[in-house]
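Predicted model only: the values in this text are computed from it and were never measured. The sequence lines fix the lettering, A, B, ..., with proteins before strands; numbering per chain opens at 1.
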Amino acid sequence: MELTRRGFLKLSGAVGASSALGLNFKPVNAYAAELSKSNRIKSSKQYTTICAYCSCGCGLICSVDNLTGKIFNIEGDPENPINEGALCAKGAGFFDLTEANKHRLTKVRYRAPYSDKWEEKDWDWAFSRIARLVKDTRDKDFVTTNAQGRLVNRTESIAHLGSSNIDNEECWLISQSVRAMGLVYIDHQARV
Amino acid sequence: MKKTEYIKLIDTTKCTACRGCQVACKQWNEMPAMRTRNFGSYQNPPDLQWNTWTLIRFQEHVDKNGDFKWLFRKDGCMHCTEAACIKVCPSGALYHTEYGTVGINQKLCIGCKACISACPFDIPRFNQQTEKIYKCDLCYDRLKDGQQPACALSCPTGAITVGEREAMIDKAYGRLDQLEGKGIVYGDKFVGGTHVMYILSEDPAVYDKLPVKPRIPASVILWKNLFKPFTLIGMGAVAGMAALHYLIKGPHEVHENKEGDE
Amino acid sequence: MLDTNEKIERLEKIIGEASESHPHSRDIIHAFAPFLLEKASLMGSLDFKDHRTMAMDELQFKNGVPLLRQNEFSPVTHACELIAMAILPPLETGFQKLSTDLEKLRAAIMEKKIGFADLLVSSHEEAGGLIETWALHEDVSVEAVRLALMMVAKVYFEKTARTLAPLIKDFAWDKGYCPICGSAPMIAKIRDKIGTRHLYCSQCAHEWVFSRVICPSCGRNKQSSMTYFFVDDKSRESAFVCEECGRYLITMDKVSDLVPLDADISALSLVHLDVIMQGKGYLPMAACAWNSCS
Amino acid sequence: MTNHYIDLKNSDVILIMGSNAAEHHPLAFKWIMRAKDAGARVIHVDPRYTRTSARCDYHVPIRSGTDIAFLGGMIKYIIEGNKFFRDYVVNYTNASFLVNPDFSFEDGLFSGYDAQKRSYNKETWTFQKDGNGIPLKDPTLKHPQCVFQLLKQHYSRYTLDKVSSITGVSKENLLKVYEEYSATGAPDKAGTECYALGWTHHTSGSQNIRTMSIIQLLLGNMGIAGGGINALRGEPNVQGSTDHCILYGNLPGYLKMPTASLATLEQYLTKNTPTSSDPQSANYYQNYPNFFVSWLKSLYGDAATPENGFGYSWLPKLEDGKHYSQLHLFDRMYEGAIKGLFAYGTDPAVSSPNTKKTRKALEKLDWLVCANIFDNETASFWFGPGVDPKQVKTEVFLLPAAATMEKEGSQSNSGRWVQWKYKAVTPPGDAISCGDIQIRMMDAIKALYAKEGGPSAEPILNLKWNYKDIDGNMDVLKVSKQINGYWEADVEVTENGAKKIMNKGGLVPTFGMLRSDGTTSCGNWIMSGSFGADGENKMARRGKEDPTGLGLYPNWSFVWPVNRRIIYNRASCDINGKPYNPKRNILEWKDGKWVGDVPDGPWPPMADKEKGKYPFIMKVDGVASLFGPAMAEGPFPEHYEPLEGPLAKNPLSSQLINPTIELFSSDLDQVANASDKFPYVCTTYSCTEHWCSGALTRWQAWLLEMQPELYVEISEELARELEIANGSKVKVSSARGEAACIAMVTKRFKPFTIEGRTVHQVGLPFNYGWLYPEDGSDSTNFLTPTVGDANTFCPEYKAFMVNVTRR
Amino acid sequence: MSGKILNMVRVTDPIERIAHWLLAGSCLFCLFTGLGLMFRSWDFIPALLGGLYATKWMHIFSGVVFAFTLIYAFMMWKKDCAFEPDDAKWIAQGGGYLWKTNNLPPVYKYNAGQKLFFWFVVVFGVLIVLSGLVIWNPLVFPTAVARWSYALHALSALVIGSFFVVHLYLGTIGNPGTFQAMTTGWCSKAWCETHCPRWLAEREKDPSES
């Protein structure tokens with residue numbers, strides 16, 4: 001891309017040194033200094049993503065404040081040929097799906113048998129407990145051969161309702177792992 | 001200092017009532033949502049409220065040759081040039097902005113509610129707690145920052161567009177040709193021309209809560225153009241006559257008991 | 001379309017509003033204002049054709065070769081003189097400090113002692129040398145010559161770009177440098193309803209659409225290494241920065257079509273962002289008179 | 001979709017039937033409006049006048065569940081009016097094939113029906129073949145036994161009067177739609193159909209779509225720009241989740257799930273690899289073994305060796321003829337046979353049919369693992385209305401998941417565009433992505449089995465599961481590349497003449513190179529090619545070039561298969577490769593190669609007798625099926641009444657309901673067909689402001705404010721009859737349950753005249769649940785029956801019988 | 001309390017005076033704040049009273065006071081202000097204020113002008129109170145009613161305002177010796193002869209009456 005460096009006339013020296021052209025940079029420097037001092041200069045990053053409502057696949061651009069790490073604006077991705085930057089009512093309200101919506105789940109919740117309230121747990125406890133339940137249930141009801149004596153290796157007492165609201169990679173991981181566990185009752189809302 | 005006048009054109013023939021504008025308006029102005037009930041229509045909230053400045057009105061209509069039409073109209077302040085609300089507002093809370101729209105300065109509003117009955121379109125709404133009037137101000141703060149109003153920005157079908165006055169009027173009449181004359185432009189023929197204009201697919205009389213010939217109510221004209229000046233003139237004149245009477249006729253003296261005089 | 005004096009009128013309005021809303025840059029704006037108004041009128045009055053650059057080679061253009069680079073470029077000399085004569089007086093009013101030098105320069109050009117045209121052609125280094133000799137020869141300051149030269153080049157290329165723009169109207173261009181003169185962008189605007197990014201060329205003021213998630217300077221597209229700095233409640237004052245190549249581009253975000261806009265005036269009124277960005281160690285994508293003058 | 005969203009702008013006539021595009025696919029509707037602005041006609045056929053109808057040219061009301069009758073009438077109109085595209089039909093469909101003489105159809109049943117098993121024995125549904133297995137054809141389409149004549153004869157019974165009497169559509173409206181849509185039979189005209197759940201939510205849902213396919217084939221609309229059949233699907237990644245197959249009956253890439261009778265890999269492969277002796281039929285599925293073995297290699301990695309049949313024996317085998325869909329799942333759960341349930345990003349307690357049965361079934365679970373971004377009625381079923389937590393033994397885990405903008409990955413829209421998403425922010429609090437959840441859970445399970453062993457532990461231990469990055473989180477690129485496929489060994493490949501060595505660990509550039517000897521592994525063959533050999537992630541491409549100008553955008557993201565934007569696009573050209581419609585030229589055979597969209601295979605057009613191939617390369621005979629024996633209920637779609645309909649007798653035959661649907665018989669599966677206790681036809685749908693079960697949108701105050709609670713839309717005539725005032729409280733009840741809601745009296749529903757008598761239709765949205773808003777309404781699916789489509793078990797939400805009473 | 005101190009006559013008792021001043025005071029204050037509300041240019045009024053919002057509420061409160069006192073005053077003075085046939089003659093001659101007349105009909109307690117003033121204030125008072133109530137919360141009433149009550153309110157203010165000026169003039173400098181009727185309550189006998197001869201005559205005949 002060297003082609004573009006050849007600006008016709010390169011003036012050396014940084015902005016602000018106003019001596020040569022006689023430009024008065026004093027108020028500009030003052031304003032710049034004041035802006036940075038009262039840290040009114042924010043910085044953000046922009047990421048492209050895809051809407052999670054209907055299957056049109058409209059492109060979105062999320063602006064994330066570097067300081068707080070939170071999304072502060074979501075708009076249509078102007079280059080996405082499907083929506084060309086426009087969004088529908090739900091898409092425009094996509095911001096309400098981020099953590100700005102106080103109803104978002106943030107803690108692992110657990111309900112003990114016959115209990116009438118949620119308890120908060122941590123991930124490790126949850127995964128070890130779930131693994132235990134899966135193993136016990138699978139081992140107890142595992143069907144190695146069917147009535148005609150054929151090898152079937154089925155786990156009929158565990159079912160998986162996956163989701164068409166998660167990414168392809170996640171769907172594939174679910175599909176592979178439930179097949180490995182021998183599940184046959186596998187479905188999700190694509191059918192519903 | 002007069003800047004370019006803007007007009008918001010609402011093309012109801014393109015509107016699919018997705019109500020993105022209702023959400024965008026509340027999002028930008030940070031207006032809370034209320035717990036509404038379903039009262040037998042898609043239209044919700046049921047009417048403009050102090051926290052709902054724009055509202056899609058749903059209307060089921062059978063036209064003259066029996067075809068069913070489902071009409072959607074985005075209701076909200078029409079930003080009249082001759083604004084009845086500005087005329088009656090005692091505190092100057094309602095005023096004409098440099099873009100020709102009707103701005104509202106909440107601080108000045110004393111909650112006298114005179115504008116509510118004066119408005120030919122019945123737009124301003126009152127909030128009991130804050131005792132203030134609320135209505136669409138065509139995103140005056142966004143216009144000052146050179147941005148489009150939030151509803152125009154959010155409209156996916158391009159039914160809501162904002163632009164410079166003459167250009168938008170031409171665009172509106174241009175759109176009529178596209179509709180082979182089946183559309184009607186509403187908004188430039190009364191109250192000095194409104195800064196919110198419609199392209200309607202049916203006759204204005206059909207749309208509910210849309211006046212066919214809106215104008216400043218006669219009561220307001222009588223009140224503000226006649227009685228208001230005459231209060232001063234009247235009292236002034238009478239005071240003047242009294243003074244004259246005093247100077248010419250002098251006080252009406254009491255006559256010392258001349259019997260039979262009276 | 002607006003005719004020339006309507007355009008000048010609109011430019012005056014923009015200048016007025018800009019100096020009102022950006023008081024800190026008022027002096028800088030007023031320094032360039034007379035020149036910019038003269039440029040606007042020149043756009044209407046100037047009429048010169050450089051037949052060699054009329055034709056456009058589609059294949060080269062598709063491979064990213066800008067119009068003026070496709071074949072040998074030689075400026076129309078009499079046009080340069082004409083431009084110089086027209087823009088030096090407003091520059092004198094704008095830049096008091098250099099007005100004497102500029103007057104001498106104008107005299108020198110009248111007597112054909114200085115030929116701007118050949119300078120536009122010379123490469124980078126030669127240009128530097130030529131300017132020194134002229135400056136010495138006419139004993140004027142180097143900055144004055146440079147400023148005059150830049151402004152002449154600016155007017156010349158803007159007019160060329162206007163005449164050539166129809167040629168490339170319906171061809172896709174996805175490069176970060178100008179499709180007409182190949183220079184880097186001076187300022188960018190992101191529109192509000194459909195958030196496309198429009199880049200303005202620093203040399204010929206041509207405007208073209210470019211992706212928001214690719215760096216115009218180095219072409220990389222790693223979204224996590226591109227940052228937008230902005231003043232907290234002023235979305236129109238922001239700057240796009242590519243951490244990989246260390247370049248920044250002043251950007252006006254969420255600009256609607258409601259308010260007419262002039263790229264030069266906007267760049268001048270946002271020069272405080274140049275100060276901030278260069279303070280953070282980034283380099284501008286394009287060197288302009290006001291952001292890298294010494 | 002065969003085409004994609006942007007392609008809608010290229011159509012001349014768009015039939016929106018079985019969809020409410022303006023409300024549920026606004027951006028698709030934008031493209032439909034672009035077509036309308038360019039002069040296209042847009043027709044909306046729907047039981048109810050909706051916001052879509054408001055913007056279409058006209059609306060045709062139709063009774064729910066009678067789409068096949070409506071379309072059957074159009075087939076009759078097209079054939080008898082000679083409006084079909086003869087050249088296309090003869091060359092590109094099996095219209096000319098001669099059918100087995102024993103095949104027959106009378107009084108609603110095809111030959112080979114077994115009433116006990118409620119299924120067909122399909123031997124008679126075959127073609128007559130010559131000596132070396134090539135189907136006999138009569139290109140003149142005159143032979144009485146050719147598919148075309150059988151089709152004509154089959155739909156001759158769908159007269160205007162009969163169709164009008166079944167569907168409730170007036171004869172003028174029928175003729176108006178038939179006339180306008182069949183005009184797209186002309187070569188230079190393109191007609192397309194947009195459907196959604198309105199068509200799939202029926203007992204004969206698949207056949208609805210089959211009927212439209214027949215129409216599109218007769219009119220030559222398949223494979224052309226602005227044509228095809230476009231499913232506007234509801235979920236963001238529904239296409240991706242079905243491609244990667246979280247489905248009981250398929251493996252990633254729509255490979256068939258092994259059944260008990262196929263004990264060995266060879267038996268499985270011979271059964272599932274179609275063979276065709278017609279040299280001109282590409283019969284692409286002959287490469288089935290390459291795809292299946294490569295998938296096994298991706299599942300078990302090095303443990304899958306030729307010796308152990310690549311781990312085929314470890315795979316679970318379905319019981320032959322038995323099904324495991326969501327309907328069967330909850331049926332078994334209700335019987336107490338299912339102890340544990342995973343429910344990721346879904347809310348069956350609202351969206352599954354027959355909610356009372358579903359929620360009772362949930363109470364029988366030992367444990368339930370949910371992963372969601374918001375709490376919903378499924379995770380909190382144990383304190384739902386009428387449930388005493390103290391009686392419910394289920395152990396419930398509600399895991400906080402990351403939303404779409406909090407994780408990197410790819411998502412496929414229903415136009416098969418697989419677009420890459422970047423991670424904008426980290427998820428809030430402890431939330432992690434579903435992928436991380438699955439990885440860390442499977443690690444824990446693998447660890448337990450490694451420690452304690454257990455029945456058939458090999459598949460779990462041998463599962464290839466190395467998809468973590470250095471700090472233990474899911475590395476999405478590793479997963480994506482494994483889906484694309486690797487070379488498992490150094491392999492020599494001849495590529496257009498040149499020999500090349502593909503070294504181990506490299507990325508497979510396209511599924512054409514997959515092999516069945518275990519030297520390649522590929523998680524999903526249709527996604528192979530999503531990465532270039534140089535590792536370039538084609539899903540993340542953002543190229544804006546559109547050389548054809550028809551909105552194909554070949555360099556934007558990746559489209560499976562092999563970036564082909566319009567499926568069966570070879571059918572857009574005549575047999576010599578010249579496009580039928582030069583104005584919309586997506587593909588052309590020019591000097592020895594295809595130019596335009598990625599063609600359906602490199603072979604020359606069909607006219608070239610030795611190297612040329614028929615256009616429909618995935619079909620075993622290479623041509624599209626007017627006669628489709630693969631369907632469970634018959635090669636030609638036949639109108640059957642819904643499971644629970646208003647009529648006691650099917651006007652077209654004595655076969656009232658779809659003979660091959662599976663009937664569920666638990667105590668909560670009552671059905672009340674043509675009963676006067678439930679006299680009104682009812683349908684369910686969503687609304688713009690909410691999305692599916694509302695589990696995401698009910699938590700958003702501004703959306704909830706616009707659609708706060710459940711309502712039933714009833715016609716003014718019915719309201720007058722039942723003295724129900726607009727906005728008043730009413731109760732809608734069916735044989736299975738009831739839903740309290742608000743009456744919305746409207747002109748948008750009109751009573752139908754069915755078989756001479758007035759039948760009213762009502763409709764409710766299904767976006768509400770008891771959890772939030774607290775004083776809101778509950779699930780509509782208390783009303784819907786547990787019955788599904790014969791082929792896909794997609795539940796019949798759209799046609800059942802209810803009663804409406806004041807509350 | 002004898003009625004004959006130094007040739008003076010008690011014309012008003014304290015209740016009357018209190019009622020009068022309450023009525024007049026509230027009416028005046030209403031007028032004052034009303035004008036402050038009506039004319040934005042008169043911003044000294046809200047400035048004086050602590051803002052327009054405060055002015056509004058003051059206007060409302062004084063309005064309420066005015067309403068009640070008006071009723072009381074009406075009950076009190078309606079008998080004396082009932083029109084008599086002679087009043088027409090009195091009016092015809094302009095009550096002797098405009099030109100010299102000599103056959104004015106003898107006035108009982110209040111002359112026709114005062115009666116007119118009374119009835120105008122009562123009628124327009126009622127109107128202004130009613131329209132004031134509507135204006136206070138217009139949302140309760142149909143739009144037409146709300147709109148016209150503003151106009152009616154302004155009209156009544158105009159009328160009451162004008163009559164007030166006349167009353168002020170005639171009650172003070174226009175008729176010397178009158179003002180104390182409403183301050184001390186005593187007027188000179190001569191005053192009574194001029195202004196209310198018949199009432200005076202009647203009083204002298206029957207001093208028991210207070």
>> Please evaluate residues D:Arg51 and D:Glu689 with respect to the criterion salt bridge (Lys or Arg N to Asp or Glu O under 4.0 Å), reporting the C-alpha separation (whole Å), side-chain torsions for both, the decisive distance (0.1 Å), and the verdict.
In response: CA-CA 12 Å; D:Arg51 290 180 248 203; D:Glu689 292 72 18; 3.1 Å; yes
>> Out of D:Leu27, D:Val712, D:Ile742, return the one with the most heavy atom pairs under 4.5 angstrom to chain B.
In response: D:Ile742
> Which region of B:Phe72, side chain (C-beta onward) or backbone (N, CA, C, O), has a non-hydrogen atom less than 4.5 Å from a non-hydrogen atom of chain D, or is it both or neither?
Replying inline: side chain
> Top residue by heavy-atom pair count (under 4.5 Å) with chain B, among D:Tyr711, D:Phe29, D:Trp702?
Replying inline: D:Trp702
> Checking heavy atoms, do the side chain of B:Phe39, its backbone, both or neither come under 4.5 Å from chain D?
Replying inline: backbone
> Side chain, backbone, both or neither: which part of B:Gln22 has a heavy atom under 4.5 Å from chain D?
Replying inline: side chain
> Would you say B:Asn44's side chain and B:Arg37's backbone share a donor-acceptor pair under 3.5 angstrom?
Replying inline: yes
> What are the two closest non-hydrogen atoms of B:Cys21 and B:Ile56, and how far apart are they?
Replying inline: SG-CD1, 3.9 Å
>> Quick check for you: among B:Met34, B:Arg35, B:Lys69, which has the greatest number of heavy-atom pairs under 4.5 Å with chain D?
In response: B:Arg35
>> Tell me whether B:Asp145 contacts the main-chain N or O of B:Gln147 through its side chain, where contact means a donor paired with an acceptor under 3.5 Å.
In response: no
> Taking the six-membered ring of B:Phe126 as reference, does the NZ or CZ atom of B:Lys113 fall below 6.0 Å from its centre and within a 45° cone about the axis?
Replying inline: yes
>> Taking the basic N atoms (NZ, or NE/NH1/NH2) and the acidic carboxylate oxygens, is any pair closer than 4.0 Å for D:Asp37 and B:Lys14?
In response: no
>> If I measure from the heavy atoms of chain D, does B:Thr16 come under 4.5 Å with its side chain, its backbone, both, or neither?
In response: both
>> Which atoms of D:Tyr58 are under 4.5 Å from chain B, going by heavy atoms: the side chain, the backbone, both sets, or neither?
In response: neither
